[in-house]
Amino acid sequence: VQLQASGGGLVQAGESLRLSCAVSGFTVDEYPIGWFRQAPGKERWGISCISTSDNSTFYTGIGSVKGRFTISSDSAKNTVYLQMNNLEPEDTGVYYCAVSLHGLGCPVPRELYDYWGQGTLVTVSS
């Protein structure tokens with residue numbers, strides 16, 4: 001099982017980025033996949049989750065993520081995306097994707113994610 005996160009970069013406030021999480025060893029239709037953010041000096045916490053098997057999605061209620069971010073999956077590419085619009089400096093951090101093999105729909109508690117990608121850095125300047 002492997003997850004490869006990419007798509008991060010340096011942008012200005014108000015701009016957009018699309019993060020990708022390419023997975024192998026399983027399909028995106030089998031298990032929930034979540035996106036997490038770890039800001040400098042802070043804990044890693046969940047941003048969004050998608051579970052194709054039960055058609056569930058989740059967005060954190062913190063930081064007005066819901067309405068600015070959209071999670072989606074592409075079965076043909078075995079990839080999950082996080083489209084981030086109208087980025088704010090508070091969105092800065094390393095973004096990780098992870099998969100939970102516990103058979104639960106979204107949201108999934110952080111401790112139940114089993115495999116993690118390496119992270120991709122997003123920096124939003126004001």
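Atom set for the values below is all heavy atoms of this structure, side chains included, hydrogens, waters and symmetry mates excluded.
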* Asked: Does any pair with a residue in residues 74-104 pass disulfide bond (SG atoms under 2.5 Å apart), and if so which ones, sequence neighbours excluded?
  -> Cys21-Cys97
* **Residues which pass side-chain contact (heavy atoms from CB on, under 4.5 Å) with Val94, listed by chain and number, not counting sequence neighbours** => Tyr96, Leu121
* To do: Only counting residues at least two apart or in another chain, list the ones meeting side-chain hydrogen bond (donor to acceptor under 3.5 Å, both in side chains) with Ser73.
  => Thr52
* Asked: Considering residues at least two apart in sequence or located in another chain, which fulfil the side-chain contact (heavy atoms from CB on, under 4.5 Å) criterion with Asn55?
  -> none
Show me the donor-acceptor pairs within less than 3.5 Å that the side chains of residues 2-12 make with the rest of the protein, sequence neighbours left out.
none

* Tell me, do Thr92 and Val122 make a side-chain contact under 4.5 Å, heavy atoms counted? -> no
* Sorted by first residue and then second, give each ring pair (Phe, Tyr, Trp, His ring centres under 6.0 Å) pair with at least one member in residues 52-83; sequence neighbours left out. => none
* How long is the span from the OH atom in Tyr113 to the CZ atom in Arg44, to the nearest 0.5 Å? -> 12.5 Å
* Under the salt bridge (charged side-chain N to carboxylate O under 4.0 Å, His left out) test, residues paired with Glu90 that sit two or more places apart -> none
* **Closest heavy-atom pair and its distance - Pro89, Ala13** => CD-CB, 4.1 Å
Contacts under 3.5 angstrom, residues 22-35 side chains, donor-acceptor by atom type, not counting sequence neighbours:
from, atom 1, to, atom 2, distance (Å)
Thr27, OG1, Glu30, OE1, 3.4
Asp29, OD1, Ser75, OG, 2.9
Asp29, OD2, Ser75, OG, 2.9
Glu30, OE1, Thr27, N, 2.8

* **side-chain contact (heavy atoms from CB on, under 4.5 Å) partners for Ser56, two or more places apart** => Ser51, Asp54, Cys106
* Would you give the length of the straight line joining atom CD1 of Ile71 to atom CD of Gln83, rounded to the nearest 0.5 angstrom? => 12.0 Å
* To do: For the pair Asn85 (side chain) and Ser16 (backbone), establish whether a donor and an acceptor sit closer than 3.5 Å, ignoring hydrogens and angles.
  => no
* **Sequence neighbours excluded, every pair satisfying salt bridge (Lys or Arg N to Asp or Glu O under 4.0 Å) that has a member inside residues 4-23** => none
* Decide whether Met84 and Ile47 are clustered together by the hydrophobic rule: side chain heavy atoms of Ile, Leu, Val, Met, Phe, Trp, Tyr closer than 4.5 Å, transitively. => yes
* Asked: Tell me, which pairs form a salt bridge (Lys or Arg N to Asp or Glu O under 4.0 Å) where one or both residues lie in residues 62-71, sequence neighbours left out?
  -> Arg68-Glu88, Arg68-Asp91
* Pairwise distance OG(Ser20) to CG(Leu82) - rounded to 0.5 angstrom -> 9.5 Å
* Structure fact -> For Leu112, the side-chain contact (heavy atoms from CB on, under 4.5 Å) test, sequence neighbours excluded, returns Ser100, His102, Leu104, Val108, Pro109
